[in-house]
Each structure stands twice: as structure tokens, then as C-alpha cells.
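For this chain, numbers begin at 1 and follow the sequence in order.
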Amino acid sequence: MTAISTAVGSERLSRTTGYKIGKLFPSNETENLPQKIVIIGQANTANEALISLDAQEIISAEEAGKLFGYGSPIHSVIRILRPSGSSGVGGIPTIVIPQKVAEGATASTKTFTVTGTAKQNITQVVKIAGRESLDFQSYSFSISKDDTATQIATKIANSVNKVLGSPFTASATTDTVVFTSKFKGEVSKDIEIEFSSDAIETGITYAQTEKTDGSGLADFSNLKDYFGQEWYTIVLNTYGQNAMSLLQDINGINYLNNPTGLYNPLVFKPFLAFLGSKKEDRADLLGLATLNNGEDNLTNVICVAPKTPAMEYEIAANVVTLFARVAQDTPELDVNAMSYPDLPVPSNGVIGEMKDYNTRDVLVKGGVSTVTLDKGVYKIQDLVTTYHTEGENPFQFSYPRNINIDWNVKFGYSKLEGSNLRDRVIVRDNSFTDSRNAIKPKQWKAIVMGYFDTLNSRALINDPDFSKSSLQVEIDSVNPNRFNTFFRYRRTGIARITSTDVEAGF
């Protein structure tokens, strides 16, 4: 029988004492699946030649700005995930995998013409991506009475260039201001510009007279190489629609008989990919959810903010900020009714069709998340993947919360396997052994049954007795080195719909 202490080897006979200390982490290891966020995105054009394309952990917006450029898509999402003076995603790792745009890509430009002469002293502001300021730096500019259009154009350019995190640089030539995105590619055409002005009161007008959308896609050729070793649970996709199919292909599909990609049983390190959409039209959103057979795929999560003037990747960053912390800390819960922490809303307070419940119901059934606008902020109503397989009710892999529960079950089960089953000596139930290195089917069965009770107490599964009755454990009849286990479980649900009938009378 093996001694419970090995500080002194069992072969020793001469008088001595031994003492050995090991590592114990009874309170530092979460029982929940640790979340890890990967951001795929671009650097500013000025930073592209200087950056490494390797995956790297970024711990602050300042670090992201210095490496990838202030105002770049990477910096813009990191400043939401890790805001100054707020916890954001806290200790959840944020890993950046940057890409370069293809040769020949172009930046977006917008040209505004200023007309008139100022009638009075007044402060004006240019809104970029719906923001009048960014990280306490304002886009405002002061106009003095009798300022000419040329003078005002210069003041506008200066007001933009003084904001470190602006996605645009600006230059003034006589009475025109040219805004040029700091980064190239199609993703840059998403940026909106608006002026606050009353021509009657100020005598000044601003009009967009020219626009050139950025063009070109990023090079994703090596992206697949980064997945499958580390378990990255969340991907923040700053490219939106242009990367949906690629991420679906990398992640694979959880087919019953032949799971593919990262759902392959020998890998099983899948992720959820979050992208933003400011579309308001129901047909456009539903079409987005069906790209590349999205209705059968549980990879992409379309995060919505109808009519927001913000960039679409900022929408995804808001949702990831909320979802990651809930998934990490309280995986039994969901993000229902949570408000976006940092996203501009339409100035008129109108979000279109999504304000209607019937529209939201159709969208959820079609694999699209929904929000409402409540007291000046977007509030999540439904967060779903594009998965909406016809004939399935309820959809098994629609809610990211449910998928995260499945992953948590797997995570905890694998820990039990590692500490109680893997590489142990397999002995039959009717055998006698006092070896601490042996495992019997009935012993493993008892451990797994205890695990069902734990999952139930954590409100991740219902009906642990159902799981226990389904549990099968066996030593393989052909391969004596193989141990087989099978079980079922029922996830807990969320009170997403409450329905009450009452009767009243005299």
C-alpha cells in the first residue's frame, strides 16, 4: 500500500525526518469556465508597418493605442472593454490578433464645405461616430463673431486632431475640411460625421460635398492557426459581415455524428463570435443571419443597435463587455435587460421596426438579437446566435447563455476526468485493490453523480436525478485501456417570457 507521505522514500531505513511542501489552490480557481476574449481587427495605417501580427494580450486602451494607433478599430473596442476609471471586463484576458489590409486598400474620406460668416460668438461641435467627445477630449470648437468660413474650417480641423482617440484626421483648405480615416479598408466606411448648427442663429452652414468609402479587406490567411490550442471563448469581430463565414468555418458545427472544426471532440475549444449591426430593416437583419448557412451554425452572434451613429464594432464591444462578465461570474444568468455601457443613440430617439414586439419576435426566430431604446440607452431584450434550425422548438443552440452552460459542463467534467480518471489503473467493480492509483466504474459513476448535484446547485442543470438515471459507465469490451461514459442533462431555462391569466368579477 502506498504511504500517504512520500517526503522520505519508502526504501529508506536509517533514522531521519522528511518534509515536503506542494502547491494547493483551494480558492483561486473558479469552478466556472474561464472566459478569454480575442479581438480580430486592424491597426491604423501609420502603425501597420510597426506591429507584430502575433496574438498578444492587451491590458488597457492606452496600450492598444500606443501599439495599434489611437482611433483604430482595435483601440476603439479595447477602450469599451477596458474603460478608464471602470472595471469593464476586469481580469478576463483580452487577446488581440491583428491583421493587415490587403495591398491597394484605401481609407475613407469625407469632405465638408463651410459657408457663411459668423453672426455671433458661439461654441459648436462636430460629432464623430455619434460622439461629441472621447475620453474627456471634446470635438467642440469656438466661433467668434465675424469669423470667416476659412477660419472656421481651420478650427474644425484643429478640434478633430486634438482628440487622440478620433478615428479621423482632418485637414482644412480654404472653406473645406477633409476628414480621412486613420485606417484603411471597408471597415472605415462605417464612420459617421455630423455637425451641431443652427444656420439662422449662427450664419454658418456645414454640408458634406464629397465622400469616398474605404475599400479593401484584411488578410485573414493565418487566423486559423491561433485557434485550437488555447480555449478562446469569445471572438470580437470588428470586420462584421466580411468575417462571418470565415469564423464559422474555423469554429465548425456541432453535428451529432461528425462535429467539425473546434467542435471536434478531440479539440473541443469552440467560441462565440460577436459582430455589430446598426441595420434597422428587418429583412436586412434576417438576411445577415442566413449567410453561409448561418441558420445551422452556432458561431455568430449579431449584436444590434438600430440607427446608432457609432461604429458597428463598437456595438459588438458593448455586448461582449456585458456577456463576458456574466458568462464568467454567473453563467446561470443571461444579459437580458442589461444596458449597453458606452454607445451613442440616434438623436431623434427612433430605432425603427425593432421597437415593436412582433418584429423582435420574428427577428429572434430568425437568429437575430434584439434591443429596445429605454431612457436614452440601448437595452438588450434577446441575445441569440444565428442558429435557427427549421422544425426545432425550442432552438437548442440559439442562446449564447445556453451554449456557455454546455461548455461549463464540459469544463467541469474534464477537470474531474483529469483528477480522478485519466491514466488511472482500470479495475473491475468486483475486484479488490487498495491502490490509490486505481479506478472502478462504480467509483467513477459515483463521482459523476456527485457532479450532477453540483451542477444543479449552481443552477446550470435541472433534474439531477434524470441525469443520474441516464448515466452509463463501462470498461470497453474490446479495448481494456478504454473507459466509456454516457449521460444526459437538462439545462436550466431563463424566465424570458412571463404569461399570466387572471379572472375578476363581482
Which label fits Phe179 and Phe195: parallel for a plane angle under 30°, tilted from 30 to 60°, or perpendicular past 60°? perpendicular
Checking Thr115 against Thr205: is there a side-chain donor and acceptor pair closer than 3.5 Å? yes
About how many Å separate CD of Gln151 and OG of Ser144, when rounded to the nearest 0.5 Å? 8.5 Å
Contact check, side chains of Asp281 and Glu353, non-hydrogen atoms, under 4.5 Å: yes
Is a donor on one side and an acceptor on the other found under 3.5 Å between the side chain of Arg491 and the backbone of Leu460? no
Given Ser133 and Ser138, is the side chain to side chain donor-acceptor pair (under 3.5 Å) satisfied, shown in steps? CA-CA 4 Å; Ser133 63; Ser138 174; 5.8 Å; no
Backbone of Glu63 reached by a side-chain donor or acceptor of Ser60 within 3.5 Å: yes
Quick one: do Asp334 and Val326 satisfy side chain to side chain contact (heavy atoms under 4.5 Å, CB included)? Show the steps, please. CA-CA 7 Å; Asp334 208 341; Val326 171; 5.8 Å; no
Under a 4.0 Å N-O cut-off, is there an ion pair linking Lys307 with Glu280? yes
Starting from the C-alpha separation in whole Å, work towards a yes-or-no answer on side chain to side chain donor-acceptor pair (under 3.5 Å) for Thr176 and Thr111. CA-CA 7 Å; Thr176 63; Thr111 302; over 6 Å; no
Hey, are Arg131 and Glu314 close enough for a salt bridge, meaning a charged N less than 4.0 Å from a carboxylate O? yes
Can you name the closest pair of heavy atoms from Cys303 and Ile315 and give their distance? O-CG2, 3.5 Å
Side chains of Thr233 and Gln35: do they bring a donor and an acceptor to under 3.5 Å? yes
Any side-chain donor paired with an acceptor under 3.5 Å for Thr109 and Thr180? no
Nearest 0.5 angstrom please: Thr372 OG1 to Lys379 NZ, how far? 6.5 Å
Test item: side-chain donor near acceptor, Glu392 and Tyr387, under 3.5 Å: yes
Nearest-0.5 Å distance, NZ of residue Lys189 to OG of residue Ser108: 8.5 Å
Decide yes or no on side chain to side chain donor-acceptor pair (under 3.5 Å) for Asn242 and Glu186, but give the supporting numbers first. CA-CA 9 Å; Asn242 289 326; Glu186 286 191 14; 3.1 Å; yes
Side chain to side chain, Val101 and Glu48, heavy atoms closer than 4.5 Å: yes
Taking the six-membered ring of Tyr399, is the NZ or CZ of Arg496 close enough (under 6.0 Å from the centre) and on axis enough (within 45°)? yes
On a heavy-atom basis, the closest approach of Thr299 and Leu247 is CG2-O, 3.8 Å
Look at Arg282 together with Asp284 and state whether they make a salt bridge at an N to O cut-off of under 4.0 Å. no
Taking atom CG of Leu67 and atom CG of Leu50, what is their separation to the nearest 0.5 Å? 10.0 Å
Work out which heavy atom in Arg325 is nearest to a heavy atom in Gly90; give both atom names and the distance. NH1-CA, 3.8 Å
Pair Lys100 + Asp219, salt bridge at N-O below 4.0 Å: no
Are the ring centres of Phe68 and His75 closer than 6.0 Å? no
Any side-chain to backbone donor/acceptor pair from Asn264 onto Thr260? Under 3.5 Å, distance only. no
Is any side-chain N of the basic residue among Asp249 and Lys224 closer than 4.0 Å to the acidic one's carboxylate O? no
Quick one about Lys410 and Ser414 (side-chain donor to acceptor, distance below 3.5 Å, no hydrogens or angles considered), yes or no? yes
Lys/Arg-Asp/Glu bridge criterion (N-O < 4.0 Å) met for Asp135, Arg79: yes
Counting N and O atoms only, with roles assigned by atom type, does the side chain of Asn292 sit under 3.5 Å from a partner on the main chain of Gly294, one being a donor and the other an acceptor? no
Scan side-chain atoms only and decide if Asn300 and Gln248 contain a donor-acceptor pair under the 3.5 Å cut-off. yes
What are the two closest non-hydrogen atoms of Asn404 and Pro331, and how far apart are they? ND2-CB, 3.5 Å
I want to check something: taking the side chain as every heavy atom from C-beta on, are Ile128 and Val160 in contact at a cut-off of under 4.5 Å? yes
Tell me whether Arg82 contacts the main-chain N or O of Ala61 through its side chain, where contact means a donor paired with an acceptor under 3.5 Å. no
Considering only heavy atoms from C-beta outward, does the side chain of Val320 approach that of Ile37 to under 4.5 Å? yes
Report yes or no: does Gln137 contribute a side-chain atom to a donor-acceptor pair with the main-chain N or O of Leu164 at less than 3.5 Å? yes
For residues Pro34 and Phe411, determine if any side-chain heavy atom of one lies less than 4.5 Å from a side-chain heavy atom of the other. yes
Can you tell me how far the CD1 atom of Ile122 sits from the OG atom of Ser196, to the nearest 0.5 Å? 8.0 Å
Taking the side chain as everything from C-beta on, heavy atoms only, tell me whether Trp407 gets closer than 4.5 Å to Leu272. yes
Please answer whether the main-chain N or O of Phe183 pairs with a side-chain N or O of Ser181 as donor and acceptor at a distance below 3.5 Å. yes
How far apart are the C-alpha atoms of Leu275 and Met244, what are their side-chain angles, what is the distance that settles it, and do they pass the side chain to side chain contact (heavy atoms under 4.5 Å, CB included) test? CA-CA 8 Å; Leu275 68 148; Met244 285 180 72; 3.7 Å; yes
Closer than 4.0 angstrom, basic N to acidic O: yes or no for Asp356 and Arg360? no
Strictly distance-based, threshold 3.5 Å: is any side-chain N or O of Ser166 a donor or acceptor partner for the main-chain N or O of Val163? no
Is the distance between the ring centroids of Tyr313 and Tyr239 less than 6.0 Å? no
Smallest separation among heavy atoms of Pro98 and Leu53, with atom names: O-CD2, 3.7 Å
Taking Asn318 for its side chain and Asp342 for its backbone only, find out whether a donor-acceptor pair lies under 3.5 Å. yes
Strictly by modelled atom types, are Thr148 and Thr117 linked by a side-chain donor-acceptor pair under 3.5 Å? no
Do Ile152 and Ile156 have side chains that approach each other closer than 4.5 Å (heavy atoms only, starting at C-beta)? yes
Thr150 and Asp175: side chain donor to acceptor below 3.5 Å: no
Between Glu230 and Lys269, is there a salt bridge with N-O shorter than 4.0 Å? no
Short side-chain to backbone donor-acceptor contact, Lys119 and Lys145, under 3.5 Å: no
Correct closest heavy-atom pair for Val384 and Ser369 would be N-OG, 3.1 Å
Test log, rule ring pair (Phe, Tyr, Trp, His ring centres under 6.0 Å), inputs Tyr263 and Tyr255: CA-CA 8 Å; Tyr263 277 101; Tyr255 292 121; 9.8 Å; no
Set out, in order, the CA-CA distance, both residues' side-chain angles and the distance that settles side chain to side chain donor-acceptor pair (under 3.5 Å) for Thr290 and Glu295, then state yes or no. CA-CA 5 Å; Thr290 59; Glu295 62 268 26; 5.1 Å; no
Has Glu62 got more than 12 heavy atoms of other residues, nucleotides or ligands less than 6.0 Å from its CD? no
Can you confirm whether the side chains of Asn32 and Arg458 place a donor and an acceptor under 3.5 Å from each other? yes
Determine whether Thr173 and Val178 make a side-chain contact, defined as any pair of heavy atoms from C-beta on separated by less than 4.5 Å. no
